[in-house]
Amino acid sequence: QVQLVESGGGLVQAGGSLRLSCAASGRYVVGWFRQAPGKEREFVASITWNGMTLHADSVQGRFSISRDNVKNTVYLQMNSLKSEDTAVYYCATGRRTTMVSGEYDYWGQGTQVTVSS
């Protein structure tokens, strides 16, 4: 039984930080994706149950994915935010590490992140 709930989105100024949370039970690979209006959904980061991470080049050094298995929560810490980071952010679970959205099985409903200039 898989249930995903994202939280933590909001409005932040460029250069600021936000931390997104994904309540995700079960031992799955969890990925973060984002989608801006008129653009295709893109991979952001992923993490395995054992903590192995993968980050997209566009967010490397600024974003960091982590998880707390006791709380059944995956986090996306977003620092040095830019206006181009504005998007709806989704968490998803899958069977293995992948950057392809279609290979994930379950999705949350998304949380809006807006970065103002």
Side-chain angles (χ1 to χ4, degrees):
Q1 295 181 347
V2 178
Q3 183 174 356
L4 302 176
V5 180
E6 303 104 328
S7 63
L11 176 65
V12 65
Q13 292 185 330
S17 299
L18 281 175
R19 188 179 73 165
L20 306 183
S21 299
C22 176
S25 61
R27 296 181 180 181
Y28 306 98
V29 173
V30 176
W32 283 98
F33 289 78
R34 66 186 183 185
Q35 188 166 23
K39 299 184 66 177
E40 190 172 339
R41 188 168 298 185
E42 66 174 337
F43 173 82
V44 176
S46 68
I47 188 168
T48 68
W49 185 84
N50 289 330
M52 301 298 293
T53 64
L54 176 66
H55 295 82
D57 290 342
S58 60
V59 304
Q60 184 70 42
R62 298 189 299 120
F63 292 9
S64 180
I65 190 171
S66 63
R67 69 189 304 163
D68 184 335
N69 289 330
V70 175
K71 296 182 178 180
N72 292 319
T73 302
V74 173
Y75 302 99
L76 183 67
Q77 179 66 47
M78 305 186 295
N79 300 322
S80 301
L81 283 162
K82 308 173 182 179
S83 60
E84 52 262 44
D85 295 319
T86 296
V88 177
Y89 284 71
Y90 301 87
C91 66
T93 59
R95 305 167 192 170
R96 54 190 170 270
T97 297
T98 176
M99 299 175 66
V100 180
S101 62
E103 296 183 4
Y104 287 79
D105 301 309
Y106 299 95
W107 293 79
Q109 60 187 1
T111 184
Q112 176 71 47
V113 172
T114 302
V115 183
S116 64
S117 300

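Only heavy atoms go into these numbers, but all of them, side chains included; no hydrogens, no water, no symmetry mates.
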Legend entry - Where at least one partner belongs to residues 59-76, residue pairs that pass salt bridge (charged side-chain N to carboxylate O under 4.0 Å, His left out), sequence neighbours excluded: Arg62-Asp85

Inset, instruction - Please answer whether the main-chain N or O of Gly61 pairs with a side-chain N or O of His55 as donor and acceptor at a distance below 3.5 Å. - result: no

Inset, instruction - Please report the shortest heavy-atom distance between Leu4 and Ala24, naming the atom on each side. - result: CD2-CB, 3.3 Å

Legend entry - Minimum-distance pair of heavy atoms, taken over all atoms of Ile65 and Val30: CD1-O, 3.9 Å

Inset, instruction - Verify the distance criterion only: is there a donor paired with an acceptor across the side chains of Asn79 and Ser17 at less than 3.5 Å? - result: yes

Inset, instruction - May I ask you to test the Tyr28-Asp105 pair for a side-chain heavy-atom distance under 4.5 Å? - result: no

Legend entry - Hphob cluster co-occupancy, Ile47 + Tyr106, side-chain heavy atoms under 4.5 angstrom: no

Inset, instruction - Please check if Leu20 and Tyr75 belong to a single hydrophobic cluster, counting links between Ile, Leu, Val, Met, Phe, Trp and Tyr side chain heavy atoms closer than 4.5 Å. - result: no

Legend entry - Of all pairs that satisfy disulfide (SG to SG under 2.5 Å), the ones with a partner from residues 19-65, not counting sequence neighbours: Cys22-Cys91

Legend entry - Short side-chain to backbone donor-acceptor contact, Glu6 and Gln109, under 3.5 Å: yes

Inset, instruction - Please check if Met78 and Val115 belong to a single hydrophobic cluster, counting links between Ile, Leu, Val, Met, Phe, Trp and Tyr side chain heavy atoms closer than 4.5 Å. - result: yes

Legend entry - Over all atoms of both residues, closest heavy-atom pair of Gln112 and Ala87: NE2-O, 3.5 Å

Legend entry - Closest contact, heavy atoms only, Trp32 versus Leu76: NE1-CB, 3.6 Å

Inset, instruction - Determine whether Val74 and Leu54 fall in the same hydrophobic cluster, where Ile, Leu, Val, Met, Phe, Trp and Tyr are linked whenever their side-chain heavy atoms lie under 4.5 Å apart. - result: no

Legend entry - Close side-chain approach of Thr97 and Met52, heavy atoms under 4.5 Å: no

Inset, instruction - Please check if the side chain of Thr114 supplies one atom and the backbone of Thr86 the other of a donor-acceptor pair under 3.5 Å. - result: no

Legend entry - pair Gln35-Ser101: side-chain heavy atoms closer than 4.5 Å: no

Inset, instruction - Kindly work out whether a path of hydrophobic side-chain contacts (I/L/V/M/F/W/Y, heavy atoms less than 4.5 Å apart) joins Val29 to Tyr89. - result: no

Legend entry - Distance (rounded to the nearest 0.5 Å) between Leu81 CG and Gln13 CD: 11.5 Å

Inset, instruction - Would you give the length of the straight line joining atom CD of Glu84 to atom OG of Ser117, rounded to the nearest 0.5 angstrom? - result: 8.5 Å

Inset, instruction - Taking the six-membered ring for Trp and the full ring for Phe, Tyr or His, determine whether the centres of Tyr104 and Phe33 are under 6.0 Å apart. - result: yes

